[in-house]
Amino acid sequence: MSLNVDLEHYRNVLIVRLQGELDHHTADAVRHKMEDAIIHGTSDHVILSLKELLFMDSSGLGVILGRYKLLKARGGKMIVCDVNPSVYRLLEMSGLFKILTIHENERLALSSLEVVS
């Protein structure tokens, strides 16, 4: 299976919606698309919507952690939302929830950033 990456700019937030499988076959494409949008765009923060992400492996964790570090160095935040149970377990076991904020849906994630921005 492949991965579809949908990028949407909303004010100063980049919303990234992943659909499919984020693994070693698709990680580089996601990394490049997100980095390009963060570095060359006007977004200070990222919301990562994982509602349609069916599978993720350690390569996907690396993509998320790397983009988190890039945003943090630029003074931004990354929020994860709409996480399905299998991906949630992987994120939880990896310890990423210790540094990332999680919300139930995009609306709540956007609302939390309205206070920050």
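As the structure is a prediction and not an experimental result, all values here were calculated from the model.
- Between Ile79 and His45 there is no side-chain heavy-atom pair separated by less than 4.5 Å.
- In this structure, Lys77 and Leu71 approach most closely via the heavy-atom pair O-CD1, 3.7 Å.
- Remark: side-chain polar atoms of Asn84 are paired, donor with acceptor, to backbone N or O of Leu53 under 3.5 angstrom.
- A continuous path of hydrophobic side-chain contacts links Tyr68 to Val5 [ILVMFWY only; heavy atoms under 4.5 Å].
- Between the CD atom of Glu106 and the OG atom of Ser111 there is a distance of 11.5 Å, given to the nearest 0.5 Å.
- Atom CD1 of Ile47 and atom NE2 of His103 lie 8.0 Å apart (nearest 0.5 Å).
- A single hydrophobic cluster is seen to contain both Tyr88 and Ile99, as judged by linkage of ILVMFWY side chains at heavy-atom distances under 4.5 Å, directly or through other members.
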Residues Leu22, Ser59; criterion side chain to side chain contact (heavy atoms under 4.5 Å, CB included); working and verdict: CA-CA 7 Å; Leu22 179 53; Ser59 300; over 6 Å; no
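- Contact annotation: the side chain of Ile38 approaches that of Arg74 to within less than 4.5 Å [non-hydrogen atoms, C-beta and beyond].
- A salt bridge links Asp28 to Arg31: one of the charged nitrogens lies within less than 4.0 Å of a carboxylate oxygen.
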Worked verdict on Val87 versus Leu54 for side chain to side chain contact (heavy atoms under 4.5 Å, CB included): CA-CA 7 Å; Val87 173; Leu54 305 174; over 6 Å; no
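- In this model, no donor atom of one side chain and acceptor atom of the other lie less than 3.5 Å apart for His9 and Thr42.
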Derivation and outcome, side chain to side chain contact (heavy atoms under 4.5 Å, CB included), residues Ile15 and Leu7: CA-CA 6 Å; Ile15 301 172; Leu7 303 177; over 6 Å; no
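- Note that OG of Ser49 is 10.5 Å distant from CD of Glu8, once rounded to the nearest 0.5 Å.
- Side-chain contact between Val16 and Lys33 is absent, with no heavy atoms from C-beta onward closer than 4.5 Å.
- Contact check for Val63 versus Leu61: no side-chain heavy atoms found under the 4.5 Å cut-off.
- A search for side chain to side chain donor-acceptor pair (under 3.5 Å) contacts involving Arg11 returns Glu114, not counting sequence neighbours.
- The side chain to side chain contact (heavy atoms under 4.5 Å, CB included) search around Asp6 returns Arg17, not counting sequence neighbours.
- The only option from Leu100, Leu70, Leu96 that meets the side chain to side chain contact (heavy atoms under 4.5 Å, CB included) definition with Leu65 turns out to be Leu96.
- To the nearest 0.5 angstrom, Leu113 atom CG is 8.5 Å from Thr101 atom OG1.
- Shown here for Glu21 and Thr26, the closest heavy-atom pair between the two residues is O-OG1, 2.9 Å.
- Separating the CG atom in Leu50 from the CG atom in Leu48 is a distance of 4.5 Å, to the nearest 0.5 Å.
- When the salt bridge (Lys or Arg N to Asp or Glu O under 4.0 Å) test is applied to Glu35, the partners found at least two apart in sequence or on another chain are Arg67.
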Step-by-step side chain to side chain contact (heavy atoms under 4.5 Å, CB included) determination, Leu18 to Asn4: CA-CA 6 Å; Leu18 301 180; Asn4 182 39; over 6 Å; no
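- Between the side chains of Asp82 and Asn105, not a single donor N or O lies within less than 3.5 Å of an accepting N or O.
- In the hydrophobic cluster analysis, where Ile, Leu, Val, Met, Phe, Trp and Tyr join through side-chain heavy atoms closer than 4.5 angstrom, Met93 is grouped apart from Ile102.
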